[in-house]
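In what follows, chains are A, B, ... by sequence order, proteins preceding strands, each numbered from 1.
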Amino acid sequence: MALSTRYNPQETEKKWYDHWMEKDYFHSEPDEREPYSIVIPPPNVTGVLHMGHMLNNTIQDILIRKARLEGKNACWVPGTDHASIATEAKVVKMLREKGITKGEIGREKFLEHAFEWKDKYGGIILDQLKKLGASCDWKRTRFTMEPKLSEAVLKVFVDLYRKGHIYRGLRMTNWDPEAQTVLSNEEVIYADENSNLYHIRYDIEGEEGESIVIATQRPETIMADTAIAVREDDERYAHLVGKKALIPLINRAIPIIADNYVELGFGTGALKVTPAHDQNDYDIGQRHNLEVIDILTPDGKLNENAQILVGEDRFEARIKIKVLLKEAGHLVELESYRTSIGRSERTKAVVEPRLTKQWFVKMNELARMALHAVESGEVKFHPEHMFNMYKSWLKEENVRDWCISRQLWWGQRIPAWYLDEHVFVAETAEEALAKAKKATGNDALTIEDLNQDEDVLDTWFSSWLWPMSVFDGFENQEELRYYYPTNTLVTGWDIMFFWVARMIMSGYEWSGELLGMEHVMEHGRMPFRDVYFTGMVRDNQRRKMSKSLGNSPDALKLIENYGADGVRFGMLSSAAAGNDIVFDAPFDNETKEVLNESKLCEQGRNFCNKMWNALRLVRGWEIDPKLEMSAVNKLAISWIENKVKETIERVEANFVEYRLSDALMNLYKLIWDDFCSWYLEMIKPEYEKPIDQATVDRTLEIFSDLMSALHPFMPFVTEEIWHQLKDRKEGEDCVISTYPASNDYDKALIKKVDQAKTAVAGVRDTRNTKGIKMKELLKVFIQDTPVAQELFKLDGLKSMIIKMANLESLEFTSEEVPNSVAILAGTEKFFIELKETINAEEECARLTKDLEYQEGFLKSVMKKLGNERFVSNAPEQVVAMERKKQADAEAKIKSIKEAMEQLGCS
RNA sequence: GGGCGAUUAGCUCAGUUGGUUUAGAGCACCUGCCUUACAAGCAGGGGGUCGUUGGUUCGAAUCCAUCAUCGCCCACCA
């Protein structure tokens with residue numbers, strides 16, 4: 001069968017993915033093997049694959065495939081997150097386009113629409129992961145809002161309430177006027193934006209001509225003012241404290257109070273106090289017993305309390321009130337100003353501080369335990385310095401209670417029922433009713449008498465249970481006992497607080513209760529042992545790749561262009577843990593669009609092609625069964641086998657430290673340089689000549705091992721080549737093959753062959769500089785020294801050099817060879833005899849350069865050795881090495897000088 | 001304001017607890033090759049006083065300090 005000169009990913013990728021699925025290789029059930037489990041960071045159910053997902057999931061797939069090859073019971077649980085705000089916003093938008101509003105159709109109908117939407121778009125991102133090659137256990141696919149996971153959420157809520165960790169209270173919260181829900185502190189993203197500082201004059205009541213000027217960014221909120229505050233010790237205003245100021249335009253009188261929250265130097269030194277619309281003002285209000293006047297509607301418009309501009313949007317009102325204030329002569333100054341504005345992470349709407357009644361989880365104790373878990377090393381972060389960020393968040397003085405209620409419908413509804421002033425928290429309405437009957441002594445109560453809380457829970461309140469709930473751990477611990485703790489969590493550092501910290505908290509809180517002390521003593525209570533934080537994927541201007549910026553290439557188009565393996569290679573080759581990765585997709589300067597191209601992915605694609613052609617070579621050989629294995633082939637096989645072991649050992653170390661891009665690069669070099677460029681060239685038979693059976697058999701074995709080792713990184717091409725190499729039995733697939741071992745290897749052999757390779761490279765270089773064609777056979781002599789004699793005792797080494805450098809002969813010599821170029825391989829000198837008369841001047845120049853280098857080097861070595869304190873203080877080994885360097889350099893210098901003498905260099 | 005990280009070749013990055021030659025890789029670049037697996041390739045090559053200035057040490061890209069530039073996190077902000 002003739003193979004194309006190019007590897008074709010489109011043909012093979014679907015074929016093998018279907019094959020793996022058909023064989024059910026990705027499915028895991030508990031058994032006697034060691035488990036290796038990963039839970040996916042669940043993407044938003046209606047999301048699409050972006051570069052961050054590609055990176056993240058490639059890494060998880062590498063880890064899980066490696067574990068599978070090592071014979072572990074690998075289980076990667078996929079799934080999606082219901083993403084409360086994001087999904088609800090999408091559904092609301094979809095309905096709006098149909099002319100329907102949420103309020104009109106009511107909760108139940110809305111949820112029907114939402115589930116319909118979810119069913120329609122929910123699977124897309126998971127299908128896209130399959131294109132990438134993700135070897136998830138698809139039979140275990142979970143969804144954070146499916147019945148079982150929702151039950152777990154309610155159980156946990158009730159449990160925390162019972163333990164006193166959950167409370168409901170009136171607090172200043174972050175309100176998203178667009179989504180019309182409260183947000184947790186973590187969902188508010190602050191950034192500096194341009195704004196204005198309005199200096200507004202308030203007249204003093206009953207004091208003709210007296211006034212006080214305040215500065216504010218939000219003039220539209222003056223109608224909600226209930227005081228003006230100045231510093232106690234501010235002499236400018238001391239005489240006004242206790243008097244009343246009149247709010248411009250509406251002329252409501254408010255007290256002037258003294259509070260040291262006010263800073264002397266900022267603004268005018270007088271602060272308008274608006275307790276309903278600012279956290280700090282609220283605090284001041286509490287201290288001084290001020291009234292709270294809320295002038296905003298939930299969607300961010302002015303309400304009746306404002307008296308003027310009622311019904312205007314807050315930003316429209318700001319523009320209009322500026323004009324009104326100016327006309328009335330109250331606007332003293334307008335100062336441009338840069339300040340930090342908080343926006344909703346999901347809707348990007350400017351967040352409004354608002355006093356609302358919400359449910360909270362007390363965080364003090366949970367945070368302390370979560371901090372301890374990482375501090376003590378029970379959970380390890382990669383890279384380690386991510387702990388600093390984690391710590392700054394969780395330390396006592398920074399941690400704040402977690403607001404978990406959301407004024408949305410898409411999510412788990414809060415399991416709290418109200419009856420007059422009573423609250424009953426229970427997993428079901430029936431239980432709540434029972435509690436109500438008991439509490440009130442009224443047996444005639446029915447479910448209809450109770451009102452369930454209208455709010456749903458924060459999405460993260462379900463995803464923090466993910467490592468336990470995906471194994472149905474809250475219902476039945478059989479699977480949890482086997483798979484928990486999971487091994488590695490792979491996620492971006494941007495959700496360290498949203499998700500990672502909270503999973504650690506929930507693991508601490510419930511794993512003991514669920515699994516029992518014995519299990520916890522043995523395995524720990526944390527949901528994972530290692531956390532691998534990936535960096536953010538950025539464009540070549542270092543901006544975060546995002547949909548809104550339009551600077552991200554289309555992930556699926558990249559896969560079409562380079563193949564999944566090519567893209568995986570590209571993603572990974574620049575991805576050290578925790579470092580942001582700069583993805584090299586170029587911009588089209590004309591269309592201003594990012595191109596679906598990438599040099600790194602191209603390198604990956606080329607690598608596939610390289611291996612493919614190695615396959616074509618090996619497959620194309622004609623075998624002569626009578627042929628004996630040559631000495632060169634014996635040496636080559638023995639060398640590459642040792643080289644594989646050496647590299648696998650390094651790769652293993654890379655994996656332990658999660659240095660996956662190094663691991664890939666080591667394999668890349670092993671396959672491209674050592675295997676293709678050297679090994680295959682060493683054993684390659686002459687044109688149209690056959691090869692022996694044993695060499696081919698060994699080569700196929702080694703090639704197969706290389707495919708197994710590379711499989712976690714590039715699963716499709718390795719599976720395809722693995723099958724092309726040999727006829728495989730049913731069920732014999734690369735995906736479940738055996739990872740090559742890295743037992744002892746012969747370092748001395750590797751070193752000797754390396755020295756021979758240097759000699760070969762020297763001959764090639766001489767050909768290059770002298771313009772000698774590869775076809776032209778050369779005579780080479782090697783200076784007869786004990787070291788050279790020892791080197792050439794290695795069977796096959798001499799013939800290998802002859803073959804690789806294309807020589808006519810390679811002999812020992814005890815004299816300088818006339819009309820030759822002298823090269824050094826290690827300390828050994830080789831003479832390449834030339835047919836043309838050599839250009840002595842050129843040669844002398846080259847040798848002089850060499851000599852200068854060696855002498856400079858020797859000088860630096862001698863400087864060290866001449867330092868008595870070095871010789872006496874440095875470890876013996878280090879000194880010995882320096883002496884060896886000295887001896888080598890001296891030998892080389894001697895050789896070079898002899899050669900120069902021979903040439904008659906001046 | 002508090003903290004973290006980065007600064008090494010034209011570009012993107014390694015450099016493993018301070019010492020295996022006077023710093024590596026990939027891409028890009030230069031030279032020569034359509035050599036019968038691969039031009040998406042082969043064989044070679046050039047290129048860095050490791051951001052600055054000091055210090056510790058027999059020895060520093062590596063440890064400490066200082067400054068500079070960049071990125072990020074947290075807090076505050078009338």
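- When the P atom is compared between B:U57 and B:U62, the two are found 16 Å apart, to the nearest whole Å.
- Side-chain rings of A:Phe713 and A:Tyr668 stay apart, their centers remaining 6.0 Å or farther from each other.
- When heavy atoms are screened at a 4.0 angstrom cut-off, A:Leu197 is found touching the sugar-phosphate backbone but no base atom.
- With hydrogens and angles left out, the side chain of A:Thr5 and the base of B:C38 share no donor-acceptor pair within 3.5 Å.
- Within the 4.0 angstrom heavy-atom criterion, no nucleotide atom of any strand lies near A:Glu852.
- When distances run from any side-chain atom of A:Tyr261 to the nucleotides B:C76, B:G44, B:A25, the shortest one goes to B:C76.
- A:Cys608 comes within contact range of no nucleotide atom at all, as no heavy-atom separation falls under 4.0 Å.
- Between the side chain of A:Lys892 and the base of B:U21, a donor-acceptor pair under 3.5 Å is found.
- Among the protein residues, A:Lys884 comes within range of no part of the nucleic acid, since none of its heavy atoms lies under 4.0 Å from any strand.
- Side chain A:Glu335 to base B:A78: no donor-acceptor pair is found below 3.5 Å.
- Nearest to the side-chain atoms of A:Leu680 among the listed nucleotides B:A37, B:A78, B:G26 stands B:A37.
- You won't find any donor-acceptor pair under 3.5 Å spanning the side chain of A:Lys599 and the base of B:C27, going by distance alone.
- Going from the C1' atom of B:C58 to that of B:C63 covers 16 Å, rounded to whole Å.
- Going from the P atom of B:C73 to that of B:C67 covers 24 Å, rounded to whole Å.
- By the neighbour-count criterion of 12 heavy atoms within 6.0 Å, atom NZ of A:Lys770 is densely surrounded, having more than that number from other residues, nucleotides or ligands.
- Pair check for B:C70 finds B:G5; Watson-Crick or G-U wobble, both atom distances under 3.5 Å.
- At the heavy-atom level, A:Ser860 lies under 4.0 Å from base atoms of the strands shown.
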Determine whether A:Glu852 and A:Lys849 satisfy the following criterion, salt bridge (charged side-chain N to carboxylate O under 4.0 Å, His left out), listing intermediate values before the conclusion. CA-CA 5 Å; A:Glu852 273 168 13; A:Lys849 213 175 139 193; over 6 Å; no
